[in-house]
Structures are given as C-alpha cells and as structure tokens.
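All values reported here derive from a predicted model rather than from experimental measurement.
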Amino acid sequence: MNVARYNANQLSNSTIKAIHSTSFYASEGFANLFRSSGGKPIYWVVEEDGKPLVAIKGIEVGIGPLKRFMSMPDGLYAPVWIAPEYDHASDELFDILLDGLAGYSYVKTFIYDFADRFPKHKSFEVKMCETGLVNIADPNWEPPDDKLRAQIRKAEREGISVVPFSWDRHHIAFLDLMNRTEQRHGRAPKYSVAFFEQLANLASVDKRVQWAWCEYESKPACSHIYFIDGTMLQGWNFYFDKAFSFLKPNQYISYTVCRESAKQGVTHFNLGGSPESAEGLSYYKKRWGGETYRYPSLVRLAHIGKLL
C-alpha cells in the first residue's frame, strides 16, 4: 500500500465521483469556493496496486514552508471516503493516511473528525470539539423554549419577509451588512467579495446551500447561510443589524430553514461550535433543544507552524 497526494485532474472520474458522494464538503462546488482566497482542493489517497482504498479531501493554503492543510476550513468537517469492502480495515488504512499527511511538508494540518473515524496517531494531537445538535425530524418540531417560540410568532406578526438571497439584487446591501457586523465584533471580514459571489452562484444551483435574506423597509436586516451535509443542517454564517432586533429575524429564519430542510430529509440542526467563554451563545443554543455532541479534531503543528 502507498499514500499519495493528488489534484482532481490526477484521479479517475469514478474515484472523484465516489469521494464527492460522501459529503457536501467534498463536492467540487464547495471546495472550489476557497480558490478565491488562494486555497487549493487536494485529495490524499491510500492505494493498493493503483486502486483507491481510503481518501480524504481538504484545502491547501499557503506556499513553500508555510503550506497548510485543512479538512475542512472554518472547522467544517472532514469528508472521508473508504471503499465499502475495506471498511473492516479502516483503522489500519486511516493510520497509513495519517502517516502520509504527517510526512508531507505542511506546517499545520487540521482534520475535523466529526464522524470519529480516525485512530489516535503519534504525529497528531487530539483536541476535543463540541457542538449542539437539535433533532428536527419530527414534522411537528418546534424549539422547546417558550420565549423562543414567542419570538418566532412575533416575527410572523411583524410581517417579516425572508427570501432566497440573490447576488444581483442583494449583494450591495449584503456587503454593507457584512462589513458592519464584522466591525461590531471588532474583526476584519474573513472572506472576499469574490468568495461570497461564488457562494451565491453555488446556492442558485445547489440546494445544499441555503442562503436566506431579510430586509425591512428596504434596509438589510439579516443574512443567514446554511449548508446541508447528508441529513444535517449546518448553521455557518450569520450577519445581523441589531437595529432590527424587534423583528426577531435570527430566530425566525433559523426556525423556517429547519422546517423546510426537514421536509427534504434533514434530521438534525447543527448549531455550530462555541468558544468556552461564550456562555450567552451556549445558552441560546440550549434554548433550541441542542444536545452537546463532542468529537475529535486532529492537529499537527510542525517546525514554524508551532510558532504561528
């Protein structure tokens, strides 16, 4: 057996199709979003006699001695594929895969192992992460918190208008809302205009991207972006003008996206990770009925990566 690093054009169409079928995060459309910020989609594959047995897809960023690998960026989860007939040998194969990643010249390697597939490995530190998962499969599901349900009803009484985001119609107002939200949090925008334009284009053709947009009296109030990965709805990026708190758009959008997604077979709403210091955010997630789910992330910092 050997482990190799590949670009998409170095793999067969059948192999690419098999890997992409594992997860939205492995899809060509999602991974290519990161090209706008210098990222490069890469496949690491364990093979035997040219036959792929196990693969992981991720994004490389940086060049030369500063090259890094993430599966996936933003703490999104690693899309892992294993040939069905080799599932019984997964620990051995994943160990070989990690050997290959550790032996490459990455200064930082991150694998967010939501499915808890990887064994412990001498070259990787395990850091536990946690998120809140809400079971939304029941057709009559509502958040258990009385106040939260009242806020959703209030939004309905206010006549809130939520529509699918359109780059052509909404991007100027969105960029203003995004920048003002980031300023309020004291940070620079993380993604470029090109990234968001490409994401909006992807949302128009791939329903696994749910981008909800809310205006009030022709002013931007709220933008929510979700990803659907299998049967899980992932809350990813929310921007909000606090001047419209009375409208309760955050609560209303999350609820309606959950209900619509459940009709399409989604069973769980992933509320996303929370920093340990974010007690208010953790409390808000519990109001939705989120159950804590813990999973490992594998981290390797090498050479100058330990200092960055």
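- Between Arg169 and Glu215, no side-chain nitrogen of the basic residue sits less than 4.0 Å from a carboxylate oxygen of the acidic one, so the salt-bridge criterion is not met.
- The heavy-atom pair separating Gly235 from Phe269 by the smallest distance is N-CE1, 4.1 Å.
- For the residue pair Asn237 and His224, no side-chain donor N or O sits within less than 3.5 Å of a side-chain acceptor on the partner.
- By the 4.5 Å heavy-atom criterion applied to side chains, Asp113 and Leu298 are counted as neighbours.
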message: Would Ile111 and Leu101 count as a side-chain contact (heavy atoms from CB on, under 4.5 Å) here? Give the steps.
response: CA-CA 10 Å; Ile111 299 174; Leu101 281 162; 3.7 Å; yes
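- Judged purely by atom type and a 3.5 angstrom limit, Arg68 has no side-chain atom pairing as donor or acceptor with the backbone of Val107.
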- request: Take Ile56 and Phe94 through the side-chain contact (heavy atoms from CB on, under 4.5 Å) test and state the conclusion after the steps.
  value: CA-CA 10 Å; Ile56 185 172; Phe94 286 135; over 6 Å; no
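- Scanning all heavy atoms of the two residues, the minimum distance from Leu148 to Pro143 falls at CD2-CB, 3.6 Å.
- A salt bridge between Lys207 and Glu260 is absent, with no side-chain N of the basic residue lying under 4.0 Å from a carboxylate O of the acidic one.
- Under the 3.5 Å distance criterion, the side-chain polar atoms of Arg208 are left unmatched by any main-chain donor or acceptor of Ile228.
- Ion pairing between a basic and an acidic side chain is recognised when a charged N comes within 4.0 Å of a carboxylate O; Asp176 and Arg180 show such pairing.
- Taking the ring centre of Tyr255 as origin, the terminal cationic atom of Arg153 falls inside the region bounded by 6.0 Å and 45° from the ring axis.
- Residue Glu28 qualifies as open at atom CD: its count of foreign heavy atoms under 6.0 Å is 12 or below.
- Hydrophobic clustering places Val163 together with Tyr239 (ILVMFWY residues linked when any side-chain heavy atoms are closer than 4.5 Å, directly or through intermediates).
- Interatomic distance, OG1 of Thr267 versus CH2 of Trp141, reported as 12.5 Å (0.5 Å rounding).
- Atom CD of Glu48 has more than 12 neighbouring heavy atoms from other residues, nucleotides or ligands inside a 6.0 Å radius.
- Under a hydrophobic clustering in which Ile, Leu, Val, Met, Phe, Trp and Tyr are joined whenever their side-chain heavy atoms come within less than 4.5 Å, directly or via other members, Trp81 and Val54 fall into different clusters.
- Transitive grouping of hydrophobic side chains (ILVMFWY, heavy atoms separated by less than 4.5 Å) brings Leu199 and Phe165 into a common cluster.
- Among the candidates Ser254, Cys258, Ser261, the single residue satisfying the side-chain contact (heavy atoms from CB on, under 4.5 Å) test with Tyr226 is Ser254.
- Listed for the Asp74 side chain is no donor-acceptor partner under 3.5 Å among the backbone atoms of Leu76.
- The side-chain heavy atoms of Ile59 and Ile42, taken from C-beta on, include no pair separated by under 4.5 Å.
- A donor-acceptor pair is defined here as one N or O able to donate and one able to accept, closer than 3.5 Å; no such pair exists between the side chain of His185 and the backbone of Arg187.
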task: For the pair Trp44 and Tyr104, evaluate side-chain contact (heavy atoms from CB on, under 4.5 Å) and give the outcome as yes or no after the intermediate values.
output: CA-CA 11 Å; Trp44 279 89; Tyr104 196 68; 3.7 Å; yes
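- The structure places CD of Gln151 at 4.5 Å from CD of Gln251, a figure rounded to the nearest 0.5 Å.
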- request: Carefully, step by step, assess Val3 and Val45 under the rule side-chain contact (heavy atoms from CB on, under 4.5 Å).
  value: CA-CA 6 Å; Val3 59; Val45 183; over 6 Å; no
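- The minimum heavy-atom distance between Thr231 and Gly265, with the atom names listed, is CG2-O, 3.7 Å.
- Within 6.0 Å of CG in Asn7 there are more than 12 heavy atoms belonging to other residues, nucleotides or ligands.
- In summary, the side chains of Tyr6 and Thr15 do not present any donor paired with an acceptor at a separation below 3.5 Å, with no hydrogens or angles considered.
- Counting only distance, with no hydrogens or angles, the side chain of Asp91 and the backbone of Pro119 share no donor-acceptor pair below 3.5 Å.
- A distance of 3.5 Å separates OG1 in Thr131 from CG in Asn270, rounded to the nearest 0.5 Å.
- Using a 4.5 Å heavy-atom cutoff, the side chains of His20 and Lys57 are in contact.
- Between Trp167 and His171, the ring-plane angle classifies as parallel under the 30° and 60° cut-offs.
- In this structure, Gln198 contributes its side chain and Asn32 its backbone to a donor-acceptor pair below 3.5 Å.
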field: Worked verdict on Asp146 versus Arg287 for salt bridge (charged side-chain N to carboxylate O under 4.0 Å, His left out)
entry: CA-CA 9 Å; Asp146 291 340; Arg287 293 173 62 196; over 6 Å; no
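- Among all heavy-atom pairs drawn from Phe24 and Asp229, the shortest one is N-OD1, 2.8 Å.
- Arg259 places a side-chain N or O within 3.5 Å of a backbone atom of Pro139 that can act as its donor or acceptor partner.
- Considering only residues two or more places apart in sequence or on other chains, Tyr77 meets the ring-ring contact (aromatic ring centres under 6.0 Å, His included) condition with Phe114, Tyr295.
- Counting heavy atoms from C-beta outward, Arg294 and Cys129 have side chains that stay 4.5 Å or more apart.
- Side-chain N or O atoms of Thr181 include one that pairs as donor or acceptor with a backbone N or O of Phe240 at under 3.5 Å.
- Of the charged side-chain nitrogens involved, at least one lies within less than 4.0 Å of a carboxylate oxygen, so that Lys154 and Glu158 count as a salt-bridged pair.
- Here the side chains of Pro249 and Val162 are not in contact, with every heavy-atom distance at 4.5 Å or above.
- In the hydrophobic cluster analysis, where Ile, Leu, Val, Met, Phe, Trp and Tyr join through side-chain heavy atoms closer than 4.5 angstrom, Tyr252 is grouped together with Phe246.
- A distance of 6.0 Å separates OH of Tyr43 from CD1 of Ile19, quoted to the nearest 0.5 Å.
- Val46 is listed as a side-chain neighbour of Ile96, based on a closest heavy-atom distance under 4.5 Å.
- Between atom OH of residue Tyr112 and atom OG of residue Ser71 there is a gap of 10.0 Å, rounded to the nearest 0.5 Å.
- Here the shortest heavy-atom pairing between Pro144 and Arg149 reads O-NH1, 2.8 Å.
- Residue Leu271 is grouped with residue Val257 when hydrophobic side chains (ILVMFWY) are merged at heavy-atom distances under 4.5 angstrom, including chains of intermediate members.
- Interatomic distance, Ile172 CD1 to Leu175 CG, rounded to the nearest 0.5 Å: 8.0 Å.
- Ion pairing of Asp145 with Lys147 is absent here, as no side-chain N (NZ or NE/NH1/NH2) approaches a carboxylate O to less than 4.0 Å.
- Two residues are said to be in side-chain contact when any heavy atoms from C-beta on lie closer than 4.5 Å; Asp241 and Pro220 fail this criterion.
- Distance alone, capped at 3.5 Å, places no donor-acceptor pair between the His268 side chain and the Met232 backbone.
- Annotation: ring-ring contact (aromatic ring centres under 6.0 Å, His included) contacts of Phe196 (sequence neighbours excluded): Phe174.
- Counting only distance, with no hydrogens or angles, the side chain of Lys285 and the backbone of Gly272 share a donor-acceptor pair below 3.5 Å.
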- request: Assess whether side chain to side chain donor-acceptor pair (under 3.5 Å) is satisfied between Tyr106 and Glu60, documenting all intermediate values.
  value: CA-CA 9 Å; Tyr106 296 129; Glu60 279 185 359; 2.4 Å; yes
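- At a threshold of 4.5 Å between non-hydrogen side-chain atoms, the residues Val126 and Met128 count as touching.
- For Trp236, the ring-ring contact (aromatic ring centres under 6.0 Å, His included) partners two or more places apart in sequence, or in a different chain, are Tyr191, Phe227.
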